[in-house]
Amino acid sequence: MNTLVKTIDGLNTWVGRVVGWVMIFIMLLTVYDVIARGLFSAPVLWAFDVSVQLFALHFMITAAYALLHNEHVSINIFKARLGLRTQAALDILSYLIFFYPFMIMLLIYGWDFAARSWASRETSWGVVALPVYYVKTVIPVTAVLLMLQGLANIIRLAEIVRKGDAQ
Amino acid sequence: QEEKELTIQMTSTWPPGINLIDSDQHFVDLVNRLGEGTIRIEFFPGESLVPSTQVFDAVQSGSIQASGDWPGYWAGTDTAFSLIGSFPMLFTVPDYLLWINHWGGAEMFDEIYGAHNIKYVPYAILSTESGLRSTTPIRSFSDLNGKRVRMSGRPQGAILSEYGAAQVMLPGSEVYQSLERGVVDAAEFSMPSTDLGMGFGEVTQHNLSPGWHQPASIGGVMINLDVWNGLSDKQKLIIETAAGATMSWAIGHFEKTSAEAVRAFEEAGTTVHKLSDEDMARVQTVANRLLVEESCANPLFAKVAVSQLGYLEDYRGWREMQGEFAMGRNLSEMPDIEAIRACAK
Amino acid sequence: MSGEVITVLMFIGLLIGLFMGHPLAFVLGGLAVVFSFIGPGPQVFGIIINRIYSQMDNYILIAVPMFILMARLLSDSGVTDDMFRALRLMLGRVRGGLLLATVAISVVLAATTGIIGASMTVMGVLALPSMLRYGYQKELSTGIIAAGGSLGILIPPSIMLVILGSYAQISVGQLFAAALVPGLMLAFLYALYAGVLTYFRPDLGPPVSEEELSATNRTEITKLLLKMAVPPLLLIAGVLGSIFAGWATTTEAASIGAFLTFLMVIVYRRFSWSMFQEAVSATARTTAMVLFVIVGATAFTGVFVAVGGTRIVSGYLEGLGLGAWGIFFLMMFIVFVLGMFLDWLGIVLICLPIFLPIAVEAGFDPLWFVMMIAIVLQTSFLTPPFGYALFYLEGVAPPGVTIGHIYRGVVPFIILIIFGAGLCMVFPQIITWLPSIVFAR
Ligand code: NA
Ligand code: NA
């Protein structure tokens with residue numbers, strides 16, 4: 001179990017640290033576009049579409065990395081009054097009631113959504129006509145990464161429940 | 001036989017702030033009055049339930065049963081949608097009206113939408129759009145060089161790049177400010193009445209006419225095909241009757257409000273520049289070439305193009321006899337239909 | 001189950017989920033799924049995916065990670081620390097000088113980026129210890145850091161305004177212009193309060209000792225100030241100026257701002273690859289957090305609309321017979337109360353789709369109304385039990401400062417925010433004047 005948790009943590013850390021750089025690319029592309037447009041009247045035609053698509057990739061794919069780092073905003077003041085074991089049990093329950101139903105829906109219906117786009121080889125509708133089915137596929141991929149990270153977190157929490165406060 | 005009243009949930013690409021929603025609402029109102037006890041539509045204005053750009057997918061998947069739309073938005077799914085929505089320098093209002101009802105157009109709608117599990121019932125034809133609105137005068141295509149232009153549609157974007165302009169896609173809410181602040185040099189949105197409602201009269205003083213990019217546009221309702229097939233003949237008849245009545249209402253409605261809007265623009269100090277005959281002839285040539293190119297890239301596009309050009313050809317003799325008095329504009333130069341036929345096979 | 005029952009149950013479920021301490025994004029998304037099954041049926045799942053995808057297809061929101069990156073680069077590189085040191089020496093002679101320096105630096109930080117956590121942590125780590133060393137009152141010190149730090153989300157540029165604009169279909173540039181005067185007005189109220197209080201009660205905020213001041217002469221202070229404060233101010237002018245002047249869209253201006261910050265960090269010789277990698281990764285984490293709350297909330301509100309929740313709530317509000325202003329006060333009160341339990345993002349995403357149409361129907365100017373919500377939302381950082389500012393301060397506060405000091409400290413500032421909101425209600429020009437000049441609305 002320990003190896004599994006480590007592998008998942010490692011995977012999402014790697015994904016997060018790599019995909020994070022996409023934002024730097026968008027930044028440089030936008031700065032270049034503004035300069036090329038302002039000084040040379042030669043805007044980059046595809047800058048708009050590419051920026052939007054990469055942004056979608058950036059924040060979706062790194063959601064599991066944020067979950068690993070406990071970055072998602074939550075209210076802990078009430079939970080904090082409970083013992084560690086109770087807290088961990090409550091967290092596992094929350095994963096089962098809220099997190100997994102959402103993720104399973106995201107996976108199944110996100111998969112169908114992407115499949116419809118693949119079937120028609122859908123593109124963006126301006127003259128640039130970039131493929132959009134790759135971006136739509138990001139939804140089920142995000143769901144898988146999040147479900148894996150949720151599993152790793154639950155294993156950690158279960159360990160706390162098992163060992164108790166002595167841990 | 002006794003029927004149970006069926007409720008259909010319908011949305012639209014248009015939020016309440018854009019007057020194109022008027023034809024959706026007119027259609028819904030007619031269905032609900034005609035269909036009392038038989039069929040009822042529960043209408044969600046655009047953006048309230050399903051995002052505008054997503055209504056096609058939502059109807060296709062059956063997440064929502066129906067939605068109003070403009071077919072041109074789905075050109076990313078199949079370029080043939082741009083022909084049945086609006087193509088630069090091609091069909092005008094009477095062309096669509098005649099073609100849909102008597103020259104096989106309705107079957108083309110069924111085939112294109114049907115491939116995506118959707119039944120289409122058109123209920124609005126809008127005439128030529130206002131054209132480009134700009135802060136500095138743009139009097140000809142050569143003035144477009146190096147400009148950033150907010151314009152929708154793929155063939156439209158291709159024509160802009162012919163003239164050295166960059167197509168920019170902006171959400172409706174940003175067009176006003178982008179024009180005023182010069183983020184874009186020119187923009188089109190829709191009919192004069194729609195443009196007026198979006199405040200373009202306050203931020204642009206120039207209008208390059210006519211709206212060659214969209215000489216006429218179709219509006220209508222997409223209905224999930226499984227839902228449509230489950231309807232009784234009576235329910236289908238009510239929908240089609242309401243759509244037919246809405247269409248003649250809509251042509252007048254948008255023309256009348258636009259006639260008023262044009263006067264309002266004039267009072268607000270908008271100068272109208274008309275494209276020269278040479279420019280119009282040039283853009284016709286470019287549009288014709290794009291039509292052939294796209295036909296050779298997409299067999300379904302070619303099939304629709306053959307049907308539309310076939311109508312023009314079939315009607316041409318009688319139409320030309322009337323000359324200026326014909327219903328709508330005659331093409332001065334026909335696209336190469338033989339080349340398209342060759343590709344269509 | 002009727003729409004009314006589901007509407008009520010959805011909000012009860014939201015409270016339960018939040019009290020269980022689960023991340024807001026997943027509570028919202030999970031409730032959307034559960035109540036789709038109970039209510040309109042699983043065909044709504046398709047709509048949820050459509051709504052999520054349209055957030056992935058949103059050009060305006062690209063400004064969010066750019067502003068976050070700016071904030072990370074400024075604080076991770078230590079540039080903000082130096083800015084505070086310079087201001088502290090300059091204002092040190094005045095009674096309550098450190099309080100005024102805190103407000104000033106808060107405004108500068110707010111105007112460069114507006115990520116609450118970044119500026120709050122800097123102020124808590126730097127300003128608080130020196131205030132305590134000079135015997136400043138703990139309540140006053142913590143209160144002003146909390147209130148000042150919260151300004152980041154109101155004074156443009158701000159990711160809250162970007163998201164409000166995207167949701168309310170109002171140009172982000174207009175919102176930036178509308179928020180500038182109210183934001184500065186609140187800062188002025190904070191400074192005025194601190195200044196007047198310490199003028200009459202110097203024991204609450206004595207001047208900095210002569211030794212420290214004499215250790216550095218005036219020319220050195222001026223030099224330090226020019227070096228550390230002028231480039232960030234140019235950055236602010238560049239970002240806001242290019243938006244107001246129309247040279248760039250908000251997204252473009254934000255990207256340019258992030259790029260200039262990057263260059264600034266290099267010029268200050270604060271650049272290192274490890275710092276940069278950490279800033280990039282932290283930006284990804286924060287962006288994913290913010291955007292995933294949007295993802296969860298759009299799922300939640302989608303189901304809420306599908307069961308007729310918006311119609312039920314607005315019908316209920318209108319049925320109260322309160323009149324336009326009655327409903328206005330009720331809505332502002334709801335925003336204030338929700339601010340005790342939820343963060344601004346959750347409140348904006350849940351309330352705006354319901355409140356804005358009601359406000360427009362009642363005849364209020366949407367720009368003014370949205371800005372009033374933004375101002376009242378300032379309290380959400382300060383009101384217990386759930387307030388970001390309180391959490392951050394508690395996290396970084398030195399020993400001797402208790403949560404009690406912090407809670408007591410924020411009270412006057414909550415009152416000042418409500419007073420400021422009242423001013424904007426009586427004199428709507430505070431909000432509408434600048435947009436009318438900049439955008440000729
Ligand atoms: Na800010
Ligand atoms: Na609060």
Side-chain angles (χ1 to χ4, degrees), chain A residues 16-17 19-24 26-31 33-34 38 48 51-53 55-56 58-67 69 71-80 87 90-91 93-95 97-106 108-110 112-113 132 135-136 138-139, chain C residues 17-34 36 42 45-46 48-50 52-53 55-59 61-62 65-66 69 247-248 251-252 255-256 258-259 262 277 280-281 283-293 295-296 299 341-343 345-346 385-386:
Chain A
R17 287 175 73 88
V19 175
W21 286 90
V22 164
M23 200 42 66
I24 302 301
I26 300 177
M27 178 185 87
L28 295 174
L29 173 64
T30 311
V31 170
D33 180 38
V34 170
F48 185 94
S51 301
V52 172
Q53 294 201 348
F55 170 60
H58 178 265
F59 80 80
M60 289 291 281
I61 293 282
T62 57
Y65 176 53
L67 180 63
H69 282 260
E71 198 92 11
H72 291 283
V73 48
S74 59
I75 305 181
N76 291 315
I77 34 170
F78 300 98
K79 200 171 68 176
Q87 276 190 40
L90 196 64
D91 281 343
L93 188 66
S94 302
Y95 270 103
I97 300 177
F98 301 108
F99 183 85
Y100 275 100
F102 186 34
M103 288 307 131
I104 292 168
M105 187 280 295
L106 215 53
I108 297 174
Y109 286 80
D112 289 350
F113 179 68
V132 299
V135 187
K136 291 190 171 180
V138 163
I139 297 177
Chain C
L18 286 175
F19 287 160
M20 284 171 78
H22 201 56
L24 175 63
F26 306 121
V27 170
L28 289 165
L31 288 170
V33 172
V34 171
S36 294
F45 293 154
I48 294 177
I49 299 288
N50 290 136
I52 290 172
Y53 181 70
Q55 302 308 322
M56 297 166 61
D57 197 26
N58 190 332
Y59 177 72
L61 291 180
I62 303 178
M66 292 304 166
L69 183 64
W247 298 328
T251 303
E252 288 167 348
S255 305
I256 295 168
F259 184 67
F262 170 72
Q277 168 73 64
V280 167
S281 301
T283 301
R285 295 195 299 266
T286 312
T287 306
M289 180 276 283
V290 172
L291 267 295
F292 241 76
V293 174
V295 163
F341 303 101
L342 272 173
D343 73 320
L345 189 53
F386 181 83

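Protein chains get the first letters and strands the later ones, always in sequence-line order, with residue 1 at the start of each.
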- Interatomic distance, OG1@C:Thr283 vs CZ@A:Phe59, rounded to 0.5 Å, equals 15.5 Å
- In Å, rounded to the nearest 0.5 Å, how long is the span from CG of A:Leu28 to CZ of C:Phe262? 7.5 Å
- Query: Given a strict heavy-atom distance threshold of 4.5 Å, which part of C:Val34 is in contact with chain A: side chain, backbone, both, or neither?
  - Reply: side chain
- Task: Would you indicate whether the side-chain heavy atoms of C:Leu291 and A:His58 approach each other to under 4.5 Å?
- Result: no
- Item | Which portion of C:Ala258 sits near chain A, non-hydrogen atoms under 4.5 angstrom | both
- Message: Does any backbone or side-chain atom of A:Ile108 lie under 4.5 Å from a heavy atom of chain C? Answer side chain, backbone, both or neither.
- Response: neither
- First locate atom CE of A:Met23, then atom OG of C:Ser255, and finally report the distance between them rounded to the nearest 0.5 Å. 8.5 Å
- Options C:Met66, C:Met56, C:Gln55, ranked by heavy-atom pairs under 4.5 Å with chain A, top entry: C:Met56
- Does any heavy atom of chain C fall under 4.5 Å from the side chain of A:Val52, the backbone, both, or neither of them? both
- Query: Rounded to the nearest 0.5 Å, how far apart are CD1 of C:Ile62 and CZ of A:Phe48?
  - Reply: 7.5 Å
- Note on the structure: Bottom line for A:Ile24: the part with an atom under 4.5 Å from chain C's heavy atoms is side chain
- Message: Which atoms of A:Phe55 are under 4.5 Å from chain C, going by heavy atoms: the side chain, the backbone, both sets, or neither?
- Response: side chain
- Start with the C-alpha gap between C:Val27 and A:Ile97, add the side-chain angles, then the distance that decides, and say whether side chain to side chain contact (heavy atoms under 4.5 Å, CB included) holds. CA-CA 9 Å; C:Val27 170; A:Ile97 300 177; over 6 Å; no
- Task: Below 4.5 Å from any heavy atom of chain C, which atoms of A:Tyr100 appear? Answer side chain, backbone, both or neither.
- Result: neither
- Item | Which of C:Leu61, C:Asn50, C:Asn58 touches chain A most, by non-hydrogen pairs under 4.5 Å | C:Leu61
- Query: Non-hydrogen atoms of chain C under 4.5 Å away: do they reach the side chain of A:Tyr109, the backbone, both or neither?
  - Reply: both
- Message: Any heavy-atom pair between the side chains of A:Met105 and C:Ile49 that's under 4.5 Å?
- Response: yes
- Message: When you compare the side chain of C:Ile52 with that of A:Leu106, does any pair of heavy atoms fall below 4.5 Å?
- Response: yes
- Part of A:Val138 within contact of chain C (heavy atom distance under 4.5 Å): side chain
- Task: With the side chain counted from C-beta on, respond yes when C:Phe26 and A:Ser94 share a heavy-atom pair under 4.5 Å apart, and no when they do not.
- Result: no
- So do C:Leu28 and A:Phe102 actually touch side chain to side chain, heavy atoms under 4.5 Å? no
- CG/A:Leu90 to CZ/C:Phe19 distance, rounded to the nearest 0.5 angstrom? 12.5 Å
- Task: Would you name the heavy atoms of C:Ala288 and A:Ala66 that are closest together and state the gap between them?
- Result: CB-CB, 4.0 Å
- Message: Counting only non-hydrogen atoms closer than 4.5 Å, does A:Asp112 touch chain C with its backbone (N, CA, C, O), its side chain (CB onward), both, or neither?
- Response: neither
- Query: Do the ring planes of A:Phe99 and C:His22 sit parallel (below 30°), tilted (30 to 60°) or perpendicular (above 60°)?
  - Reply: perpendicular
- Note: C:Ala284 and A:Gly20 closest approach over all heavy atoms is CB-CA, 3.9 Å
- Task: Would you mind checking which part of C:Leu69 comes under 4.5 Å of any heavy atom in chain A, side chain (CB onward), backbone (N, CA, C, O), both or neither?
- Result: side chain
- Go through the steps for C:Tyr53 and A:Val132 under the test side chain to side chain contact (heavy atoms under 4.5 Å, CB included), then give the verdict. CA-CA 11 Å; C:Tyr53 181 70; A:Val132 299; 4.1 Å; yes
